[in-house]
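Heavy atoms only: backbone and side chains are in, while hydrogens, waters and symmetry mates are out. Every number for a ligand or one of its atoms is a count from 1 in the order of the listing.
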Amino acid sequence: MCGIVGYIGEKQALPIIIDALKRLEYRGYDSAGVAVLVDGSVEIIKTAGKIRALEELLSSRSISTTMGVGHTRWATHGEPSTANAHPHCDCSGRVAIAHNGIIENYLSLREELQAKGHRFTSETDTEVIAHLVEENLRDGNLESALRSAIRRLQGSYAIVAMNQEEPERLLVARKDSPLVIGLSEGANFVASDIPAVLPYTRRVYILEDEDIGIVTREGITLSNEGGDPVSREEFAVTWDAEEAEKGGYEHFMLKEIHEIPRAIRDTMRTRVTDDNRLNLEEIKLSEEEIRSLDRIFIIACGTAYYAGCVGKSIFERLLRIPVEVDIASEFRYRNPIFSENSLAIIISQSGETADTIAAMREARRGGVKALGIVNAIGSSIYREADCIIPTWAGPEICVASTKAYTSQLIALYLIALHFAQVRGRLSVEEVACLLAEMKHLPEQVQRIFDREDKIAALAEQEELKQCRDFFFLGRGLDYSASLEGALKLKEISYIHSEAAAAGELKHGPLALITKGMPVMAICVQQELRGKMLSNIKEVAARGAHIIGLVKESDSETEKAVAEVIRIPENDELFMPVLTIIPTYLLTYYLSKALGREIDQPRNLAKSVTVE
Ligand code: AGP
């Protein structure tokens, strides 16, 4: 997620802006820039790379200014580059804009503005805002111009704008992307997150959706998009800087779990229309290529691989073609057999996992096109794959992947539905019904968060805190989904945990079930529920301490388990997005109860860039 900072006051603005941007570095970024007023003109200094590269640029200048805007960019549209770095300006160079979010209709706006003679200098969605403001600035001041511009935008935004003809004010606006105002005597601050302003003030306003604000040295005036005045309650920040980076959560892991609803929404943005039609033009495969597909390889490591295991079930159900899912480090050495019409789907949060990159190159050497599902824009896989579906989960700081996993599932669903529609396996109406169901996922994840206290209490049970082994059981899609749960628990709590296909118990794993051993039984696939119930009884008979994940409407399974966690009901295809949430929360609270490191587990790295 991009970092935004604005300052207007009596002190030199640049040192404050640079210091504040550094306090947002934890969010991840790939370029940085500032816009300042120098001798009555807007000047933009920006560069690809880190803030120190920006500081080097600034060190050769002696800029004196008491107002400015700074930005660190996490690329979504347009690769990391100086041209794509923020802030962006209009044709006249009078207006500078910094933005965080995704403008869904930027392509049509860009075409419209270019037809009117506007000249674009970047590939970003953000730049359309600057030219829209310019288009409207002819009618008056920056506030009215920004208000008019915003009415044309679809998507999410946190905007800070400045106009060289109005040197006494910054304009701010937000919708679905955070923005706070820091208040102090004779100076005021704007930031995308609280840590940026903490050294200067603990008095903040947290803007709400559709707020538009005029920030001056004296204060802030807020109104809604219709121009009606609004007031926001001043909030006194009690967190320290480290807590503030985590949004008040104790660990990035919990913060990122709670970002899952937004990450799902963002991953669906621009790809699902309001009337539930698919828009996946970014998949650069012709309909002929999609219709002729006869084999799909899904290749990844770790959590991304487990997303691929769910993907295999989904693709085979919807497309009825064989899908091979491979751990990348195995794929690259097994001399895979490619057919004439194969496709390789490469999944990676970082886009830099060495084995996954090598496996992708192996497939492409075999003449197979690579479709990447990647979170890090501009990464190696992002650049080398034949086409990309970004997951737009935002930077994932915790080593344990959570919001990236659920966004990877969303991306896999969208691709599978697109392919099913093109191949005539599903009608446009059937796809629309499924997409309507998918749109309920964010609020259903939120409903599971409403039961977080119950899950946290489970983590305090001695059977869990004392256990040495933890089993996850499932059948069908529930088994595919349980694999990620087992990985998450082991890598954060250090408890040995494994997922077993419930029907496989009698072929060996049952020997490990002992009295009091915790077993998470995922039981939301209706057609397999009866058989799953038998397996639950098998492990209950050996004294296992069973936690059942069941649909809200299931009143039978709970009689066979020690604890039950209810899951809101969605189409069974999409249930893996929901059933993983309790495991993420349980893993977090159990690891916390055990005093584990959580964000930086021993022996592990966020991106495994070596074999
Ligand atoms: C998952 O929690 C782990 N951090 C790890 O398994 C990770 O998923 C794996 O290393 C793959 O990383 P990637 O998605 O960045 O390629």
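In this structure, Tyr249 has its ring center under 6.0 Å from that of His258.
With hydrogens and angles left out, the side-chain atoms of Glu352 and Ser379 include no donor and acceptor closer than 3.5 Å. A donor atom on one side chain and an acceptor atom on the other are found under 3.5 Å apart for His440 and Glu443. Under 3.5 Å, the side chains of Thr402 and Glu256 contain no donor-acceptor pair of N or O atoms.
Relative to the ring axis of Trp392, Arg265 does not place its NZ or CZ within 45° and under 6.0 Å from the centre.
With sequence neighbours excluded, the residues forming a side chain to side chain contact (heavy atoms under 4.5 Å, CB included) with Arg334 are Phe297, Glu324, Asp326, Phe331, Pro336, listed by chain and number.
Using a heavy-atom distance under 4.0 Å as the criterion, the protein contacts of ligand 1 are Cys301, Gly302, Thr303, Ala304, Ser348, Gln349, Ser350, Thr353, Val399, Ala400, Ser401, Leu487, Lys488, Glu491, Val608.
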